[in-house]
Amino acid sequence: MKQFGLSSKERIKNKKYFDLIYSRGEVLFSSSNRLKAICFIDRNPDNIGIKTAFAVSKKSGSAVWRNRIKRLLRESFRLNKSNLTELVYEEKVLLFIVFSPNTINQEFNKNISLVEMMPDVLDLLNRIRKIL
RNA sequence: GGUUCGUGUUAGGCAGUUGCUUCCCGAAUUAUCGGGAGGAGGAAAGUCCGAACUCCGCAGAACAAGGUGCCGGGUAACACCCGGGGACUUAAUUGCGCAAGUAUUAAGUCACGGAGAGUGCCACAGAAAACAUACCGUCCCAACUUAAAUUGGGAUAAGGGUGAAAAGGCGAGGUAAGAGCUCACCGCUUCGAUGGUAACAUCGAGGGUUCCGAAGGGAAUCCCGCUUAGCGGGACGAGGCAAACCCCACCUGGUGCAAGGUCAAGCAAAAGGAUCUCGAGAAAUCGGGACAAGGUUGUUCGCCUUGAUUAUCUGUUUAAUCAGAUUAAUCUUUUGGGUAGACCGCUAGAUUCCGGGAGUAAUUCCGGAACAAGAUAAAUAACUGCUGUCUGGAAUUAAUCCGGAUUACAGAAUUCGGCUUAUUGACACGAACUUUCU
RNA sequence: UGCCCCGUGGUGUAAUUGGCAACACGUCUGACUCUGGAUCAGAAGAGUUUAGGUUCGACCCCUAACGGGGCAG
């Protein structure tokens, strides 16, 4: 397993999981209210690890902008996930997270950079650690 | 030199680190790791047209429905492209002409068949809005009567007024007043000749007549053409709307990769079975082997016992137990269809560039070279450095130093050809305007 | 990805051979009442999503764009 990698095994790809997460998951907001994360913890799992997805609503912007937001979210999660991974292996749980923008949209945040995005993601990851 | 517009080209380059994804090679052979090669646009967009491909349907023809609409060419095809024609708008030529109109040049626009097959509509205003009509007016006659005015009977589409639109325009003659009533010119239209594949253009000749009928129409006269005892066509044929119905000509079967195909958990259904298999036998059943569970044993082999479970019913029995029924459920086997899911379809073709030939051009033929993403909760990204380009400041002849920007529109989803829409900077070409110099 | 439908005052709906954009609720003002509600009287508020075209004339017909909704697993 690569340290900073994010392969297809660590992503949510099944519709069943999305239904589970959106119906029973817990919604968290970052302190600046720009991002939100929906997470669900499976206490008796088959596999141990983290599974993530990055969802952007179709109403918030054009296809280019949505792709860019997803890439930036993925990038910032990928570089900062190591702490959380250790904790998850200690607790022996399966953690699902779906990241989404909350108040960001194309009108006001046309060209957002990675530096602006990173603190919000870190904030969210800290909140998730507290739940565990 | 600057500004604006149009057309075309192009979407900075190199290196490093981290990461995603497709294919190939190697190690492992489930997972994964290492190396190599590749990884978004001019519009990938809108989904407005046209095709390829797919399955379904289909003897043939017609109707319905939908589409296209000047002519010719290109193309796999087209609502596309190229060339030609025509119409309209604006400007200029202080063009020609008394005027109406018309010629040439430049720029732009055109969904540009048919209103002479039929039906329908044309509000308000106006006398009248479609087989026309007399409101005001003009003129004549009659009455009262000298005249004017008034009333009645006629003639008249020149003038006024209404309207988007009132049955060619203008000038002259003509007349009681008028009128294509007559004439010149222009327009319109018919026929012919010439040019052109054709749309069409140029030239020439003719065309506004009279009588009958309510009308369709008929007759005469004149003109033109022909196959010439005759036949056919025409004589201003009388508004607009077909992006109203419609007529004419041509085109189209439907469906869309979530098409379609292969494999196939689960659930449901159907048919069996009660561990499987071999042998004997008509069958009940018997025997051997394997398998599973339990017992024996420190362990293995071996040996022994049993052949899934629960409920119900029947028989036996005091009861349990045991035996049977195969009744129900569970379990299990098979079957066809087939969901989740996986795979195929899936990326190498009506491709691009260069040279030569054909063609005014679109395009096409020949030769050579190059390239060619295939994801599926959906990859193609992030950061750093150098450099190119643009730009601000210091400086200003250049070099140099410090700093900033690198952007717009926008992200493949079966694949092509177009159209439409969005859009920044740079470069090239062309046009218009303006400034300076010669 | 493919297909289909819609767009009219603040809100919900009308307006069809193409001829003045209508109604209800809401809003505002006045009357009634000690005050409010109810009731009565009156007023304002659109130029029909946008841009072109056809037509004398367009909510209506045609073309393009923009926005919204739905269907197909």
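In what follows, every chain begins at residue 1, and chains take the letters A, B, ... in the order their sequences are listed. Side chains are part of it too, since the values below use all heavy atoms of this structure and drop only hydrogens, waters and symmetry mates.
Under the 4.5 Å side-chain criterion, counting only non-hydrogen atoms from C-beta, A/R74 is not in contact with A/T52. Looking at A/L124 and A/I97, their side chains never come closer than 4.5 Å, going by heavy atoms from C-beta outward. Inter-residue side-chain proximity for A/F77 and A/L125 is flagged as met; some heavy-atom pair is nearer than 4.5 Å. Residues A/I38 and A/S100 fail the side-chain proximity criterion, which asks for heavy atoms closer than 4.5 Å.
Nucleotide B/U332 is matched to B/G272 when pairs are restricted to Watson-Crick or G-U wobble geometry with both distances under 3.5 angstrom. Pairing partner, B/A311: B/U327, with both Watson-Crick or wobble hydrogen-bond distances short of 3.5 Å. With a 3.5 Å ceiling on both atom-pair distances, the Watson-Crick or G-U wobble partner of B/A249 is B/U68. Here B/G180 sits opposite no nucleotide as a Watson-Crick or G-U wobble pair (both hydrogen-bonding atom distances under 3.5 Å). The partner of B/C401 is B/G393, judged by Watson-Crick or G-U wobble contacts that both fall below 3.5 Å. With a cut-off of 3.5 Å on both Watson-Crick or G-U wobble distances, the partner of B/U109 is given as B/A87.
Residue A/M118 forms a side chain to side chain contact (heavy atoms under 4.5 Å, CB included) with just one option from A/D123, A/L72, A/L79, and that option is A/L79.
Remark on RNA chain B: of its neighbouring residues A/V64 and A/A55, the 5'-side contact belongs to A/A55, judged by nearest-heavy-atom nucleotide.
In this structure, B/G180 is classed as syn because its glycosidic torsion stays within 90° of zero. In B/G42 the base sits syn relative to the sugar, since the glycosidic angle is no further than 90° from 0. In B/G73 the O4'-C1'-N dihedral to the base is more than 90° from 0, which defines an anti nucleotide.
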Distances for protein N/O vs nucleotides 378-382 of chain B N/O pairs under 3.5 angstrom?
residue	atom	partner	partner atom	Å
B/U380	OP2	A/R71	NE	2.9
B/U380	OP2	A/R71	NH2	3.1
B/A382	OP1	A/R68	NH1	2.8

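One can place CG of A/N80 at 13 Å from C1' of B/U18, the figure rounded to the nearest angstrom.
Closest approach of A/A55 to A/P101, counting heavy atoms only: O-CD, 3.4 Å.
Rounded to whole Å, the C1' atom of B/U102 lies 29 Å from the corresponding atom of B/G83. Rounded to a whole angstrom, the distance from the C1' atom of B/G85 to that of B/G160 is 45 Å.
Note: the hydrophobic cluster containing A/L87 also contains A/V121 (ILVMFWY, side chain heavy atoms under 4.5 Å, direct or indirect links).
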